[in-house]
Amino acid sequence: MFTKKGDDAALAKLRDAPAPFGEIGVRLHSIIRESAPSLEPIVRWGLPFYVKDGKDICYIKPDKEYIVFGFGEVVNPARQEGEHMHPVAWTFTSLDAATEARIRALVEKAAA
């Protein structure tokens, strides 16, 4: 497993994604870093992960037709009591203010 650490490594990987997903990835990176500055960005397996105390909190996976944002199964802020199915990842083709606010809240909860 090859690992590169830091914002520059994560941003370089995200900027390699086809338009508009590279821009969405960069925006997701900014939201994560603003919402949870304690998370350390690393790139492993070709994906930007955001880690705290050695645990994967969330990740971004660029693709040619969308971009994926997800959480590790251990730290899943979207888990709801009483539900039988729990989302861990979402695909995006664009971002709006409401979606950004939801991502921000989930990241803050996961990093707490």
Side-chain angles (χ1 to χ4, degrees):
M1 162 176 65
F2 185 71
T3 301
K4 294 182 180 181
K5 294 182 178 184
D7 290 304
D8 291 341
L11 288 169
K13 186 64 183 173
L14 294 168
R15 288 183 180 125
D16 281 345
F21 309 114
E23 293 119 24
I24 294 170
V26 169
R27 183 67 190 132
L28 287 170
H29 174 87
S30 295
I31 292 167
I32 293 165
R33 298 296 283 147
E34 291 164 7
S35 302
S38 64
L39 298 183
E40 178 184 19
I42 63 169
V43 175
R44 95 180 135 208
W45 301 304
L47 302 176
F49 284 81
Y50 300 83
V51 177
K52 182 177 182 180
D53 300 327
K55 294 182 183 177
D56 292 341
I57 303 298
C58 58
Y59 66 91
I60 301 171
K61 179 184 175 198
D63 192 79
K64 62 183 178 183
E65 295 180 17
Y66 51 83
I67 194 159
V68 177
F69 170 73
F71 291 96
E73 289 82 4
V74 175
V75 180
N76 183 358
R79 183 180 177 100
Q80 294 183 359
E81 200 62 41
E83 293 292 323
H84 299 281
M85 189 165 81
H86 310 281
V88 293
W90 298 263
T91 57
F92 296 100
T93 54
S94 63
L95 290 175
D96 61 12
T99 304
E100 288 187 12
R102 178 76 173 132
I103 293 166
R104 192 175 306 279
L106 289 169
V107 169
E108 288 171 356
K109 183 177 177 183

>> Contact between P41 and H29 at the side-chain level, heavy atoms closer than 4.5 Å - yes or no?
In response: yes
>> Are F71 and V107 packed together at the side-chain level, in the sense that at least one heavy-atom pair is separated by less than 4.5 angstrom?
In response: yes
>> With a 3.5 Å distance limit and no angle check, can you tell me whether R15 reaches the backbone of G25 through a side-chain donor-acceptor pair?
In response: no
> D53: what forms a side-chain hydrogen bond (donor to acceptor under 3.5 Å, both in side chains) with it, not counting sequence neighbours?
Replying inline: none
> More than 12 foreign heavy atoms under 6.0 Å from CG of D8: is that the case here?
Replying inline: no
>> For a side-chain contact (heavy atoms from CB on, under 4.5 Å) check, start with the C-alpha distance between K64 and F21, then their side-chain angles and the critical distance, and finish with the verdict.
In response: CA-CA 8 Å; K64 62 183 178 183; F21 309 114; over 6 Å; no
>> Please give me the minimum heavy-atom distance between I31 and S35, naming the atom from each residue.
In response: O-OG, 2.7 Å
> CG of D56 to CG of L39: how many Å apart, nearest 0.5 Å?
Replying inline: 10.5 Å
> How far apart are the C-alpha atoms of I32 and F69, what are their side-chain angles, what is the distance that settles it, and do they pass the side-chain contact (heavy atoms from CB on, under 4.5 Å) test?
Replying inline: CA-CA 11 Å; I32 293 165; F69 170 73; 3.7 Å; yes
> Within the distance-only criterion (no hydrogens, no angle test), does the side chain of K52 pair as donor or acceptor with the backbone N or O of A111 below 3.5 angstrom?
Replying inline: yes
>> List the residues meeting side-chain hydrogen bond (donor to acceptor under 3.5 Å, both in side chains) with E108, not counting sequence neighbours, and say none if there are none.
In response: none
> Side chains of P62 and L47: closer than 4.5 Å at any heavy-atom pair?
Replying inline: yes
> Between P48 and K13, which heavy-atom pair has the shortest distance, and what is it?
Replying inline: CD-CG, 4.1 Å
>> Within this structure, what is the CD1-CZ distance for the pair I42 and F49, rounded to the nearest 0.5 Å?
In response: 7.5 Å
> Would you say the side-chain atoms of T99 pair up with the backbone N or O of L95, donor to acceptor, closer than 3.5 Å?
Replying inline: no
>> Could you go through I103 and L28, starting from their C-alpha distance and side-chain angles, then the distance that decides it, and tell me whether this counts as side-chain contact (heavy atoms from CB on, under 4.5 Å)?
In response: CA-CA 8 Å; I103 293 166; L28 287 170; 3.5 Å; yes
> What distance separates E100 CD from F92 CZ, expressed to the nearest 0.5 Å?
Replying inline: 9.5 Å
>> Going by the rule side-chain hydrogen bond (donor to acceptor under 3.5 Å, both in side chains), which residues pair with E40 if we only count those two or more places apart in sequence or in a different chain?
In response: none
> Yes or no on side-chain contact (heavy atoms from CB on, under 4.5 Å) for Y66 and I24, after CA distance, side-chain angles and deciding distance?
Replying inline: CA-CA 9 Å; Y66 51 83; I24 294 170; over 6 Å; no
